[in-house]
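To start, the structure under review is shown below, and the notes come after it.
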Amino acid sequence: MKKWIALLLVSAMVLSVAACGSAPGESSKGEDARFTTAVEGKLTMATNATFPPYEYLEGNEITGIDAEIAAAIAEKLGLELQIDDMEFDSITEAIKSGKADIGLAGMTVTPDRQEEVDFTVSYATGVQVVIVTQDSAIASVDDLFAEGASHVVGVQRNTTGDIYTTDDIEKEGLGTIDRYGKGAEAVQALKTGKVDCVVIDNEPAKAFVAEVEGLKILETEYVTEDYAAAMSKDNKALYDAVNAALEELIADGTVKGIVDKYITAE
Ligand code: ARG
């Protein structure tokens with residue numbers, strides 16, 4: 001096929017896609033013409049509120065850094081924020097299926113996840129750390145990968161802590177991974193001696209260690225990562241609006257203000 005014919009075909013396709021995007025039904029429903037959301041007039045956020053200080057329950061209310069950032073984004077877009085609490089490993093599906101508009105859950109950007117969803121700009125950094133009992137023989141992260149090591153490692157299912165330790169420890173024959181629905185459950189298992197350590201993000205780790213006596217966080221860090229909001233690959237207009245709003249909130253210091261409210265600098 002001649003190049004210019006191919007080009008014409010491509011632009012015809014682009015035009016028809018664009019035409020679909022602005023189907024008359026949409027604006028007549030009163031939907032904001034700039035983008036569509038899962039529920040009209042609302043920004044639906046999928047999260048897993050077991051992850052202080054990013055998202056956790058205070059009574060019946062979901063609060064934390066991500067909830068406040070989402071509220072600020074929603075306000076900028078003239079939407080009402082609705083938060084749906086679910087298992088951590090259900091968030092990606094909720095985004096892909098269009099049930100939720102934005103996944104905000106201290107979620108790390110990884111290449112595998114980028115195949116499923118689009119990530120906004122990063123708004124925070126996380127570090128995978130290791131929690132042990134105060135009298136533990138495990139003194140540094142490297143002890144987990146030492147020749148002949150055989151530890152039982154607790155993680156929250158499908159988090160990066162799970163993914164990394166599965167690769168570095170379980171698949172290498174250096175121990176087994178116990179996967180829990182919540183990070184706090186993994187920490188309880190550590191407390192009761194069912195696991196030898198817990199690999200989890202540093203901020204929830206601090207919160208859990210402050211709550212449960214006799215535990216400490218190893219000083220050596222495992223992996224540093226970027227947190228971002230997950231969004232559908234099929235709603236470019238909403239992605240652009242949310243990402244632009246988040247960029248503004250980062251630039252004007254709003255995000256830093258929210259983070260500082262929950263995390264006191266060492
Ligand atoms: N940063 C880790 C990940 O993305 C853990 C996130 C867990 N978040 C939560 N709300 N439970 O896999």
Side-chain angles (χ1 to χ4, degrees), residues 44-58 61-71 73 81-96 99-131 141 153-170 177-190 197-209 211 217 221-231 255 258-259 262-263:
T44 306
M45 160 179 162
T47 197
N48 170 245
T50 66
F51 199 71
Y54 285 91
E55 46 269 328
Y56 56 99
L57 285 168
E58 223 170 62
E61 209 184 315
I62 297 170
T63 179
I65 295 170
D66 287 336
E68 290 205 27
I69 290 176
I73 293 171
L81 177 64
Q82 179 184 310
I83 305 182
D84 289 351
D85 196 11
M86 60 189 74
E87 297 292 311
F88 181 72
D89 47 9
S90 302
I91 297 174
T92 308
E93 205 38 56
I95 296 301
K96 282 179 69 178
K99 281 205 192 88
D101 299 308
I102 178 170
L104 258 178
M107 198 188 276
T108 304
V109 180
T110 74
D112 282 347
R113 289 174 183 167
Q114 278 172 318
E115 311 231 317
E116 314 276 315
V117 293
D118 276 346
F119 283 100
T120 60
V121 284
S122 174
Y123 62 90
T125 305
V127 183
Q128 295 298 311
V129 296
V130 184
I131 310 177
V141 175
V153 182
V155 297
Q156 183 181 21
R157 188 174 299 114
N158 268 337
T159 59
T160 46
D162 181 3
I163 296 162
Y164 304 145
T165 56
T166 299
D167 279 351
D168 298 346
I169 297 172
E170 198 162 69
I177 314 303
D178 273 6
R179 301 172 179 86
Y180 296 87
K182 299 177 177 142
E185 288 167 3
V187 172
Q188 275 311 319
L190 173 62
C197 66
V198 171
V199 172
I200 196 162
D201 305 52
N202 56 334
E203 289 304 330
K206 281 192 225 161
F208 295 144
V209 166
E211 295 260 301
I217 300 171
E221 298 176 341
Y222 188 174
V223 184
T224 301
E225 31 190 42
D226 291 323
Y227 292 167
M231 296 190 66
V255 166
I258 294 170
V259 170
Y262 289 89
I263 301 175

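Note that ligands are numbered from 1 as they come in the structure, with each ligand's atoms numbered from 1 the same way.
- Neither side chain, Glu58 nor Thr63, offers a donor N or O lying under 3.5 Å from an acceptor on the other.
- Between the side chains of Asn48 and Thr50, at least one donor N or O lies within less than 3.5 Å of an accepting N or O.
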Audit row: Phe208, Ile200, side chain to side chain contact (heavy atoms under 4.5 Å, CB included) steps and yes/no: CA-CA 10 Å; Phe208 295 144; Ile200 196 162; 3.8 Å; yes
List, pair by pair, the atoms of ligand 1 and of the protein that are both N or O and lie under 3.5 Å apart, giving the separation rounded to 0.1 Å.
residue  : atom   : partner : partner atom : Å
ligand 1 : 1 (N)  : Gly106  : O            : 2.8
ligand 1 : 1 (N)  : Thr108  : OG1          : 2.8
ligand 1 : 1 (N)  : Asp201  : OD2          : 2.7
ligand 1 : 4 (O)  : Thr108  : N            : 2.8
ligand 1 : 4 (O)  : Thr108  : OG1          : 3.2
ligand 1 : 4 (O)  : Arg113  : NH1          : 2.8
ligand 1 : 8 (N)  : Ala105  : O            : 2.7
ligand 1 : 10 (N) : Asn48   : O            : 2.9
ligand 1 : 10 (N) : Glu55   : OE2          : 3.0
ligand 1 : 10 (N) : Ala105  : O            : 3.3
ligand 1 : 11 (N) : Asn48   : OD1          : 2.8
ligand 1 : 11 (N) : Gln156  : OE1          : 3.1
ligand 1 : 12 (O) : Arg113  : NH1          : 3.3
ligand 1 : 12 (O) : Arg113  : NH2          : 2.8
ligand 1 : 12 (O) : Thr160  : N            : 2.7

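- Ring centers of Tyr54 and Tyr227: under 6.0 Å apart, within the cut-off.
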Stepwise side chain to side chain contact (heavy atoms under 4.5 Å, CB included) check, Arg113 with Ile91: CA-CA 11 Å; Arg113 289 174 183 167; Ile91 297 174; over 6 Å; no
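- In the model, Thr166 has a side-chain atom that pairs as donor or acceptor with a side-chain atom of Arg179 under 3.5 Å.
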